[in-house]
There are 2 protein chains.
Amino acid sequence: MLRLTREKSDILPLVAEAFRAFGYEGASFSQITKLTGVSKGSLYHVFPGGKEQMAAEILAGINGWFVKNLFEPLETGEPNAALAHMWTEIDRYFHAGGRICLVGAFALDATREHFRAAIHDYFNRWVEALSRCLVRAGAEPLAASAFAEHTVLTIQGGLILARAIHDEAVFSRALRRLSDSAEALLACQTPPH
Amino acid sequence: MLRLTREKSDILPLVAEAFRAFGYEGASFSQITKLTGVSKGSLYHVFPGGKEQMAAEILAGINGWFVKNLFEPLETGEPNAALAHMWTEIDRYFHAGGRICLVGAFALDATREHFRAAIHDYFNRWVEALSRCLVRAGAEPLAASAFAEHTVLTIQGGLILARAIHDEAVFSRALRRLSDSAEALLACQTPPH
DNA sequence: AAGTCTTTGTAGACCGATCGGTTTAGACGC
DNA sequence: GCGTCTAAACCGATCGGTCTACAAAGACTT
(Lines give C-alpha, C1' and ligand atoms only; values in the text may rest on other atoms or scores of the structure.)
Protein backbone atom coordinates (compact mmCIF):
# COMPACT_ATOMS: atom_id res chain seq x y z
CA MET A 1 0.00 0.00 0.00
CA LEU A 2 1.23 3.41 -0.95
CA ARG A 3 1.70 5.94 1.77
CA LEU A 4 0.59 9.55 1.58
CA THR A 5 3.58 11.78 1.12
CA ARG A 6 1.95 13.91 3.75
CA GLU A 7 -0.05 12.01 6.30
CA LYS A 8 -3.48 13.27 7.24
CA SER A 9 -2.17 13.56 10.78
CA ASP A 10 0.45 16.03 9.56
CA ILE A 11 -2.06 18.18 7.71
CA LEU A 12 -4.86 18.28 10.30
CA PRO A 13 -3.07 20.39 12.90
CA LEU A 14 -2.14 22.94 10.26
CA VAL A 15 -5.74 23.17 9.10
CA ALA A 16 -6.75 23.55 12.73
CA GLU A 17 -4.44 26.52 13.03
CA ALA A 18 -6.09 28.06 9.96
CA PHE A 19 -9.48 27.68 11.63
CA ARG A 20 -8.11 29.17 14.83
CA ALA A 21 -6.69 32.13 12.97
CA PHE A 22 -9.61 32.89 10.66
CA GLY A 23 -12.63 31.00 11.98
CA TYR A 24 -14.54 28.35 10.10
CA GLU A 25 -16.15 30.69 7.60
CA GLY A 26 -13.11 32.91 7.35
CA ALA A 27 -10.66 30.11 6.59
CA SER A 28 -10.93 29.81 2.82
CA PHE A 29 -9.34 27.11 0.76
CA SER A 30 -6.78 29.55 -0.53
CA GLN A 31 -5.83 30.36 3.08
CA ILE A 32 -5.69 26.70 4.04
CA THR A 33 -3.65 25.87 0.95
CA LYS A 34 -1.24 28.66 1.71
CA LEU A 35 -0.92 27.69 5.37
CA THR A 36 -0.51 23.97 4.85
CA GLY A 37 1.43 24.03 1.61
CA VAL A 38 -1.01 21.41 0.34
CA SER A 39 -2.95 22.05 -2.86
CA LYS A 40 -6.70 22.03 -3.09
CA GLY A 41 -6.66 18.80 -5.05
CA SER A 42 -4.66 17.02 -2.37
CA LEU A 43 -6.85 18.41 0.35
CA TYR A 44 -9.94 17.07 -1.36
CA HIS A 45 -8.19 13.78 -1.88
CA VAL A 46 -7.56 13.48 1.86
CA PHE A 47 -10.82 15.13 2.94
CA PRO A 48 -13.48 14.32 0.31
CA GLY A 49 -16.03 16.03 2.52
CA GLY A 50 -14.27 19.40 2.22
CA LYS A 51 -14.12 21.93 5.01
CA GLU A 52 -16.89 20.30 6.97
CA GLN A 53 -14.99 17.02 7.16
CA MET A 54 -11.80 18.84 8.10
CA ALA A 55 -13.57 20.63 10.94
CA ALA A 56 -15.30 17.46 12.08
CA GLU A 57 -12.05 15.52 12.18
CA ILE A 58 -10.29 18.35 13.96
CA LEU A 59 -13.01 18.48 16.59
CA ALA A 60 -12.81 14.71 16.96
CA GLY A 61 -9.06 14.98 17.36
CA ILE A 62 -9.33 17.67 19.99
CA ASN A 63 -11.96 15.69 21.81
CA GLY A 64 -9.79 12.60 21.65
CA TRP A 65 -6.87 14.46 23.13
CA PHE A 66 -8.96 15.81 25.99
CA VAL A 67 -10.56 12.45 26.69
CA LYS A 68 -7.23 10.69 26.82
CA ASN A 69 -5.20 13.30 28.63
CA LEU A 70 -7.75 14.96 30.88
CA PHE A 71 -11.15 13.34 31.12
CA GLU A 72 -10.07 9.75 31.65
CA PRO A 73 -7.54 10.66 34.34
CA LEU A 74 -10.22 12.76 36.02
CA GLU A 75 -12.71 9.92 35.80
CA THR A 76 -10.54 7.01 36.82
CA GLY A 77 -7.26 8.26 38.24
CA GLU A 78 -6.33 9.43 41.71
CA PRO A 79 -8.46 12.61 42.09
CA ASN A 80 -5.90 15.02 43.47
CA ALA A 81 -3.24 13.95 41.03
CA ALA A 82 -5.66 14.15 38.11
CA LEU A 83 -6.66 17.64 39.17
CA ALA A 84 -3.08 18.83 39.43
CA HIS A 85 -2.36 17.17 36.10
CA MET A 86 -5.26 19.07 34.53
CA TRP A 87 -3.98 22.50 35.54
CA THR A 88 -0.56 21.91 34.04
CA GLU A 89 -1.87 20.24 30.89
CA ILE A 90 -4.46 22.98 30.28
CA ASP A 91 -1.81 25.62 30.64
CA ARG A 92 0.39 23.82 28.17
CA TYR A 93 -2.39 22.97 25.72
CA PHE A 94 -3.57 26.55 25.43
CA HIS A 95 0.00 27.83 25.26
CA ALA A 96 -0.50 29.68 28.52
CA GLY A 97 -3.31 31.73 26.98
CA GLY A 98 -1.84 32.32 23.56
CA ARG A 99 -3.98 29.75 21.77
CA ILE A 100 -7.73 29.87 21.69
CA CYS A 101 -10.09 26.97 22.20
CA LEU A 102 -11.41 25.97 18.80
CA VAL A 103 -14.44 24.27 20.31
CA GLY A 104 -15.30 27.44 22.19
CA ALA A 105 -14.84 29.55 19.09
CA PHE A 106 -17.05 27.23 17.09
CA ALA A 107 -19.63 27.42 19.88
CA LEU A 108 -19.95 31.16 19.30
CA ASP A 109 -20.38 31.41 15.56
CA ALA A 110 -22.77 29.86 13.07
CA THR A 111 -20.54 26.81 12.86
CA ARG A 112 -22.23 25.70 16.04
CA GLU A 113 -25.24 24.47 14.11
CA HIS A 114 -23.14 21.98 12.15
CA PHE A 115 -21.20 20.71 15.12
CA ARG A 116 -23.69 21.26 17.89
CA ALA A 117 -23.48 17.69 19.16
CA ALA A 118 -19.68 17.56 19.20
CA ILE A 119 -19.43 20.91 20.98
CA HIS A 120 -22.10 19.96 23.46
CA ASP A 121 -20.48 16.62 24.28
CA TYR A 122 -17.02 18.10 24.68
CA PHE A 123 -18.10 20.65 27.26
CA ASN A 124 -20.57 18.41 28.99
CA ARG A 125 -18.04 15.65 29.45
CA TRP A 126 -15.45 18.07 30.72
CA VAL A 127 -17.79 19.47 33.35
CA GLU A 128 -19.03 16.02 34.29
CA ALA A 129 -15.60 14.45 34.55
CA LEU A 130 -14.31 17.31 36.65
CA SER A 131 -17.37 17.32 38.88
CA ARG A 132 -17.12 13.60 39.60
CA CYS A 133 -13.42 13.90 40.24
CA LEU A 134 -14.06 16.58 42.83
CA VAL A 135 -16.69 14.45 44.52
CA ARG A 136 -14.26 11.56 44.66
CA ALA A 137 -11.76 13.97 46.18
CA GLY A 138 -14.23 14.69 48.96
CA ALA A 139 -16.24 17.69 47.78
CA GLU A 140 -19.97 18.07 48.24
CA PRO A 141 -21.74 17.03 45.00
CA LEU A 142 -23.48 20.38 44.62
CA ALA A 143 -20.34 22.38 45.27
CA ALA A 144 -18.39 20.08 42.99
CA SER A 145 -20.83 20.55 40.15
CA ALA A 146 -20.81 24.32 40.54
CA PHE A 147 -17.05 24.45 40.70
CA ALA A 148 -16.67 22.23 37.64
CA GLU A 149 -18.92 24.50 35.63
CA HIS A 150 -17.06 27.49 37.00
CA THR A 151 -13.74 26.01 35.97
CA VAL A 152 -14.60 25.22 32.36
CA LEU A 153 -16.28 28.56 31.91
CA THR A 154 -13.36 30.42 33.45
CA ILE A 155 -10.92 28.77 31.08
CA GLN A 156 -13.01 29.83 28.10
CA GLY A 157 -13.44 33.35 29.40
CA GLY A 158 -9.76 33.59 30.21
CA LEU A 159 -8.85 32.73 26.65
CA ILE A 160 -11.24 35.35 25.28
CA LEU A 161 -10.09 38.11 27.60
CA ALA A 162 -6.42 37.27 27.14
CA ARG A 163 -6.80 37.52 23.38
CA ALA A 164 -9.01 40.60 23.57
CA ILE A 165 -6.66 42.71 25.64
CA HIS A 166 -3.59 41.01 24.21
CA ASP A 167 -2.27 39.93 27.57
CA GLU A 168 -1.74 36.22 27.97
CA ALA A 169 -1.04 36.63 31.68
CA VAL A 170 -4.79 37.06 32.17
CA PHE A 171 -5.17 33.38 31.38
CA SER A 172 -2.41 32.25 33.70
CA ARG A 173 -3.84 34.31 36.54
CA ALA A 174 -7.28 32.82 35.98
CA LEU A 175 -5.83 29.33 35.98
CA ARG A 176 -3.97 30.05 39.17
CA ARG A 177 -7.12 31.34 40.87
CA LEU A 178 -8.85 28.16 39.78
CA SER A 179 -6.30 25.79 41.23
CA ASP A 180 -6.23 27.83 44.44
CA SER A 181 -10.01 27.71 44.81
CA ALA A 182 -9.98 24.00 44.07
CA GLU A 183 -7.59 23.45 46.92
CA ALA A 184 -9.68 25.63 49.20
CA LEU A 185 -12.83 23.79 48.20
CA LEU A 186 -11.31 20.40 48.96
CA ALA A 187 -9.57 21.56 52.12
CA CYS A 188 -12.72 22.85 53.72
CA GLN A 189 -15.03 20.14 52.47
CA THR A 190 -13.04 16.99 53.12
CA PRO A 191 -14.45 15.34 56.22
CA PRO A 192 -12.30 16.34 59.23
CA HIS A 193 -9.60 13.71 59.69
CA MET B 1 -33.79 67.67 4.99
CA LEU B 2 -35.39 64.39 4.22
CA ARG B 3 -35.43 61.77 6.88
CA LEU B 4 -34.51 58.18 6.25
CA THR B 5 -37.61 56.07 6.08
CA ARG B 6 -35.72 53.76 8.37
CA GLU B 7 -33.33 55.48 10.69
CA LYS B 8 -29.83 54.17 10.99
CA SER B 9 -30.61 53.59 14.64
CA ASP B 10 -33.38 51.21 13.63
CA ILE B 11 -31.21 49.24 11.25
CA LEU B 12 -28.07 48.96 13.35
CA PRO B 13 -29.46 46.63 16.03
CA LEU B 14 -30.79 44.31 13.35
CA VAL B 15 -27.41 44.20 11.64
CA ALA B 16 -25.89 43.51 15.03
CA GLU B 17 -28.15 40.50 15.41
CA ALA B 18 -26.98 39.25 12.02
CA PHE B 19 -23.37 39.49 13.18
CA ARG B 20 -24.28 37.74 16.40
CA ALA B 21 -25.97 34.93 14.51
CA PHE B 22 -23.42 34.38 11.75
CA GLY B 23 -20.24 36.16 12.77
CA TYR B 24 -18.60 38.98 10.88
CA GLU B 25 -17.41 36.87 7.94
CA GLY B 26 -20.48 34.67 7.96
CA ALA B 27 -22.98 37.52 7.83
CA SER B 28 -23.29 38.15 4.11
CA PHE B 29 -25.19 41.01 2.56
CA SER B 30 -27.94 38.66 1.50
CA GLN B 31 -28.31 37.56 5.13
CA ILE B 32 -28.27 41.12 6.39
CA THR B 33 -30.76 42.20 3.74
CA LYS B 34 -33.06 39.34 4.65
CA LEU B 35 -32.78 40.00 8.36
CA THR B 36 -33.20 43.77 8.22
CA GLY B 37 -35.64 43.96 5.32
CA VAL B 38 -33.39 46.68 3.89
CA SER B 39 -31.95 46.27 0.42
CA LYS B 40 -28.29 46.36 -0.38
CA GLY B 41 -28.61 49.74 -2.05
CA SER B 42 -30.15 51.28 1.02
CA LEU B 43 -27.60 49.69 3.27
CA TYR B 44 -24.79 51.18 1.23
CA HIS B 45 -26.54 54.49 1.27
CA VAL B 46 -26.60 54.44 5.05
CA PHE B 47 -23.23 52.73 5.48
CA PRO B 48 -21.00 53.77 2.56
CA GLY B 49 -18.17 51.87 4.22
CA GLY B 50 -19.97 48.55 3.91
CA LYS B 51 -19.73 45.78 6.48
CA GLU B 52 -16.68 47.26 8.12
CA GLN B 53 -18.51 50.50 8.87
CA MET B 54 -21.52 48.61 10.14
CA ALA B 55 -19.39 46.59 12.51
CA ALA B 56 -17.47 49.66 13.64
CA GLU B 57 -20.67 51.58 14.38
CA ILE B 58 -22.17 48.59 16.15
CA LEU B 59 -19.10 48.25 18.34
CA ALA B 60 -19.22 51.96 19.04
CA GLY B 61 -22.89 51.67 19.96
CA ILE B 62 -22.27 48.75 22.28
CA ASN B 63 -19.39 50.58 23.86
CA GLY B 64 -21.54 53.66 24.30
CA TRP B 65 -24.25 51.66 26.00
CA PHE B 66 -21.78 50.08 28.39
CA VAL B 67 -20.09 53.37 29.15
CA LYS B 68 -23.35 55.10 29.92
CA ASN B 69 -25.14 52.31 31.74
CA LEU B 70 -22.30 50.48 33.46
CA PHE B 71 -18.89 52.09 33.35
CA GLU B 72 -19.87 55.61 34.35
CA PRO B 73 -22.00 54.47 37.28
CA LEU B 74 -19.12 52.23 38.37
CA GLU B 75 -16.68 55.10 38.05
CA THR B 76 -18.67 57.90 39.63
CA GLY B 77 -21.73 56.52 41.38
CA GLU B 78 -22.17 55.04 44.80
CA PRO B 79 -20.03 51.87 44.61
CA ASN B 80 -22.38 49.31 46.13
CA ALA B 81 -25.37 50.57 44.18
CA ALA B 82 -23.36 50.64 40.94
CA LEU B 83 -22.24 47.08 41.55
CA ALA B 84 -25.77 45.84 42.21
CA HIS B 85 -26.93 47.79 39.17
CA MET B 86 -24.30 46.06 37.04
CA TRP B 87 -25.43 42.54 37.92
CA THR B 88 -29.02 43.24 36.96
CA GLU B 89 -28.14 45.19 33.82
CA ILE B 90 -25.70 42.54 32.63
CA ASP B 91 -28.28 39.85 33.13
CA ARG B 92 -30.80 41.85 31.15
CA TYR B 93 -28.39 42.93 28.44
CA PHE B 94 -27.28 39.39 27.68
CA HIS B 95 -30.84 38.11 27.89
CA ALA B 96 -29.90 35.99 30.89
CA GLY B 97 -27.34 34.11 28.78
CA GLY B 98 -29.29 33.81 25.56
CA ARG B 99 -27.41 36.53 23.74
CA ILE B 100 -23.70 36.44 23.13
CA CYS B 101 -21.28 39.30 23.54
CA LEU B 102 -20.44 40.60 20.09
CA VAL B 103 -17.21 42.16 21.29
CA GLY B 104 -16.12 38.85 22.76
CA ALA B 105 -17.05 37.01 19.57
CA PHE B 106 -15.09 39.52 17.49
CA ALA B 107 -12.18 39.08 19.86
CA LEU B 108 -11.96 35.42 18.92
CA ASP B 109 -12.07 35.50 15.13
CA ALA B 110 -10.07 37.27 12.47
CA THR B 111 -12.27 40.33 12.83
CA ARG B 112 -10.12 41.14 15.83
CA GLU B 113 -7.43 42.57 13.63
CA HIS B 114 -9.74 45.23 12.20
CA PHE B 115 -11.25 46.21 15.51
CA ARG B 116 -8.41 45.43 17.83
CA ALA B 117 -8.40 48.86 19.45
CA ALA B 118 -12.16 48.97 20.04
CA ILE B 119 -12.17 45.49 21.54
CA HIS B 120 -9.16 46.24 23.68
CA ASP B 121 -10.63 49.46 25.01
CA TYR B 122 -14.01 47.95 25.76
CA PHE B 123 -12.62 45.19 27.93
CA ASN B 124 -9.91 47.30 29.50
CA ARG B 125 -12.31 49.99 30.54
CA TRP B 126 -14.73 47.44 31.94
CA VAL B 127 -12.05 45.83 34.08
CA GLU B 128 -10.67 49.19 35.14
CA ALA B 129 -14.02 50.72 36.02
CA LEU B 130 -15.01 47.68 38.03
CA SER B 131 -11.70 47.49 39.80
CA ARG B 132 -11.80 51.15 40.87
CA CYS B 133 -15.38 50.78 41.99
CA LEU B 134 -14.42 47.88 44.23
CA VAL B 135 -11.56 49.87 45.68
CA ARG B 136 -13.93 52.73 46.42
CA ALA B 137 -16.20 50.18 48.07
CA GLY B 138 -13.40 49.23 50.38
CA ALA B 139 -11.58 46.37 48.69
CA GLU B 140 -7.83 45.95 48.59
CA PRO B 141 -6.51 47.29 45.25
CA LEU B 142 -4.85 44.01 44.35
CA ALA B 143 -7.89 41.93 45.25
CA ALA B 144 -10.14 44.41 43.46
CA SER B 145 -8.11 44.21 40.29
CA ALA B 146 -8.08 40.41 40.36
CA PHE B 147 -11.80 40.25 41.01
CA ALA B 148 -12.59 42.71 38.25
CA GLU B 149 -10.65 40.65 35.76
CA HIS B 150 -12.32 37.54 37.11
CA THR B 151 -15.75 39.08 36.67
CA VAL B 152 -15.38 40.18 33.08
CA LEU B 153 -13.80 36.90 32.10
CA THR B 154 -16.48 34.90 33.86
CA ILE B 155 -19.23 36.72 32.01
CA GLN B 156 -17.58 35.95 28.69
CA GLY B 157 -16.98 32.34 29.61
CA GLY B 158 -20.52 32.00 30.89
CA LEU B 159 -21.92 33.16 27.58
CA ILE B 160 -19.76 30.68 25.67
CA LEU B 161 -20.59 27.72 27.88
CA ALA B 162 -24.28 28.58 28.02
CA ARG B 163 -24.44 28.65 24.24
CA ALA B 164 -22.24 25.58 23.85
CA ILE B 165 -24.29 23.29 26.05
CA HIS B 166 -27.50 25.08 25.21
CA ASP B 167 -28.35 25.87 28.81
CA GLU B 168 -28.79 29.53 29.60
CA ALA B 169 -28.97 28.80 33.31
CA VAL B 170 -25.19 28.35 33.22
CA PHE B 171 -24.90 32.09 32.72
CA SER B 172 -27.31 32.99 35.48
CA ARG B 173 -25.52 30.70 37.91
CA ALA B 174 -22.17 32.25 37.00
CA LEU B 175 -23.58 35.72 37.52
CA ARG B 176 -25.00 34.70 40.87
CA ARG B 177 -21.66 33.29 41.96
CA LEU B 178 -20.06 36.58 40.93
CA SER B 179 -22.37 38.79 42.94
CA ASP B 180 -22.01 36.48 45.94
CA SER B 181 -18.22 36.59 45.77
CA ALA B 182 -18.33 40.35 45.37
CA GLU B 183 -20.30 40.64 48.57
CA ALA B 184 -17.93 38.27 50.32
CA LEU B 185 -14.94 40.22 49.07
CA LEU B 186 -16.32 43.52 50.32
CA ALA B 187 -17.63 42.09 53.58
CA CYS B 188 -14.27 40.68 54.58
CA GLN B 189 -12.18 43.56 53.27
CA THR B 190 -14.07 46.63 54.46
CA PRO B 191 -12.32 47.99 57.50
CA PRO B 192 -14.11 46.75 60.64
CA HIS B 193 -16.76 49.32 61.59
C1' DA C 1 16.65 -5.76 -15.06
C1' DA C 2 13.69 -3.45 -18.29
C1' DG C 3 9.31 -2.23 -19.55
C1' DT C 4 4.57 -1.57 -18.71
C1' DC C 5 0.29 -1.50 -15.75
C1' DT C 6 -2.12 -0.03 -11.99
C1' DT C 7 -2.78 2.36 -8.14
C1' DT C 8 -2.24 6.57 -5.44
C1' DG C 9 -1.34 11.38 -4.79
C1' DT C 10 -0.63 16.24 -6.64
C1' DA C 11 -1.36 20.46 -9.01
C1' DG C 12 -4.15 23.63 -10.64
C1' DA C 13 -7.56 24.81 -14.35
C1' DC C 14 -12.17 25.05 -14.17
C1' DC C 15 -17.27 25.44 -12.53
C1' DG C 16 -21.50 27.76 -10.94
C1' DA C 17 -22.75 30.35 -6.95
C1' DT C 18 -22.16 33.91 -4.10
C1' DC C 19 -19.29 37.30 -2.14
C1' DG C 20 -18.71 42.60 -1.13
C1' DG C 21 -19.40 46.51 -3.59
C1' DT C 22 -21.17 49.96 -7.54
C1' DT C 23 -24.32 51.94 -10.50
C1' DT C 24 -28.57 53.28 -12.20
C1' DA C 25 -33.43 53.95 -12.85
C1' DG C 26 -37.14 55.45 -10.67
C1' DA C 27 -40.30 55.96 -6.31
C1' DC C 28 -41.56 59.12 -3.04
C1' DG C 29 -41.80 63.11 0.24
C1' DC C 30 -41.07 67.86 0.19
C1' DG D 1 -40.06 68.77 -10.07
C1' DC D 2 -36.13 68.48 -7.26
C1' DG D 3 -33.37 65.98 -4.26
C1' DT D 4 -33.21 62.02 -1.31
C1' DC D 5 -33.66 57.31 -0.74
C1' DT D 6 -34.67 52.54 -2.45
C1' DA D 7 -34.53 48.40 -5.27
C1' DA D 8 -32.29 45.64 -8.05
C1' DA D 9 -29.37 44.83 -12.05
C1' DC D 10 -24.77 44.50 -12.50
C1' DC D 11 -19.54 44.01 -11.61
C1' DG D 12 -15.10 41.58 -10.87
C1' DA D 13 -13.26 38.65 -7.35
C1' DT D 14 -13.40 34.82 -4.74
C1' DC D 15 -15.94 31.24 -2.64
C1' DG D 16 -16.34 25.87 -1.96
C1' DG D 17 -16.05 22.14 -4.76
C1' DT D 18 -14.99 19.13 -9.16
C1' DC D 19 -12.27 17.33 -12.67
C1' DT D 20 -8.46 16.25 -15.46
C1' DA D 21 -3.75 15.61 -16.64
C1' DC D 22 0.10 13.79 -14.91
C1' DA D 23 3.91 12.39 -11.52
C1' DA D 24 5.50 8.80 -8.51
C1' DA D 25 5.81 4.25 -6.87
C1' DG D 26 5.14 -0.67 -6.39
C1' DA D 27 3.52 -5.04 -8.91
C1' DC D 28 3.53 -7.99 -12.84
C1' DT D 29 5.47 -9.89 -16.98
C1' DT D 30 9.15 -11.37 -19.36
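First the proteins, then the strands, lettered A, B, ... as listed; each starts at 1. These numbers come from the heavy atoms of this one structure, side chains and all, not from hydrogens, waters or symmetry mates.
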Chemist: How long is the line joining NZ of B:Lys8 and P of D:dT4, in whole Å?
Modeler: 17 Å

Chemist: CD of A:Gln53 versus C1' of D:dT18: gap in Å, rounded?
Modeler: 15 Å

Chemist: Tell whether A:Lys51 reaches the base of D:dG17 with its side chain through a donor-acceptor pair below 3.5 angstrom.
Modeler: no

Chemist: A:Glu52 has an atom CD; how far is it from atom P of D:dG17, in whole Å?
Modeler: 8 Å

Chemist: Measure CD/A:Glu25 against C1'/C:dG20 and give the value in whole Å, please.
Modeler: 15 Å

Chemist: State which of C:dA11, D:dG17, D:dC15 makes the closest approach to the side chain of A:Ser30.
Modeler: D:dC15

Chemist: Could B:Lys68 and B:Glu72 be called an ion pair, given the rule that one side-chain N must be under 4.0 Å from one carboxylate O?
Modeler: no

Chemist: Quick one: which of D:dA7, D:dC10, C:dG9 gets closest to the side chain of B:Ser42?
Modeler: D:dA7

Chemist: Which listed nucleotide (C:dT10, C:dT22, D:dG17) is nearest to the side chain of A:Ser39?
Modeler: C:dT10

Chemist: Just how far, in rounded Å, is C1' of D:dG16 from CZ of A:Phe19?
Modeler: 12 Å

Chemist: Closer than 4.0 Å, any side-chain N/O of A:His45 to the OP1 or OP2 of C:dT10?
Modeler: no

Chemist: In whole angstrom, give the distance that lies between atom CD1 of B:Ile32 and atom P of C:dG21.
Modeler: 10 Å

Chemist: Base, sugar-phosphate or nothing for A:Gly50? Non-hydrogen atoms, less than 4.0 Å.
Modeler: sugar-phosphate

Chemist: Quick one: which of B:Phe66, B:Phe115, B:Phe123 gives a side-chain contact (heavy atoms from CB on, under 4.5 Å) with B:Val103?
Modeler: B:Phe123

Chemist: Select one nucleotide: of C:dA11, D:dG17, D:dC10, the one nearest the side-chain heavy atoms of B:Lys40.
Modeler: D:dC10

Chemist: Could you walk me through whether A:Leu12 and A:Phe47 satisfy the side chain to side chain contact (heavy atoms under 4.5 Å, CB included) test, starting with their C-alpha distance in whole Å, then the side-chain angles of each, then the deciding distance to 0.1 Å, before giving a yes or no?
Modeler: CA-CA 10 Å; A:Leu12 262 183; A:Phe47 306 101; 3.9 Å; yes

Chemist: Within this structure, what is the CZ-to-P distance between A:Phe22 and D:dC15, rounded to whole angstrom?
Modeler: 11 Å

Chemist: So if I apply the ring-ring contact (aromatic ring centres under 6.0 Å, His included) rule between A:Trp65 and each of A:Tyr122, A:Phe71, A:Tyr93, which one comes out positive?
Modeler: A:Tyr93

Chemist: For the pair B:Phe171 and B:Ile155, evaluate side chain to side chain contact (heavy atoms under 4.5 Å, CB included) and give the outcome as yes or no after the intermediate values.
Modeler: CA-CA 7 Å; B:Phe171 180 73; B:Ile155 289 167; 4.0 Å; yes

Chemist: By nearest nucleotide on DNA chain C, pick out whichever of B:Gln31 and A:Leu43 is the more 5' one.
Modeler: A:Leu43

Chemist: By nearest atom, which of the nucleotides D:dG17, C:dG20, D:dA7 is closest to the B:Phe29 side chain?
Modeler: C:dG20

Chemist: Please tell me if B:Ser28 has a side-chain N or O lying less than 4.0 Å from either OP1 or OP2 of C:dC19.
Modeler: yes

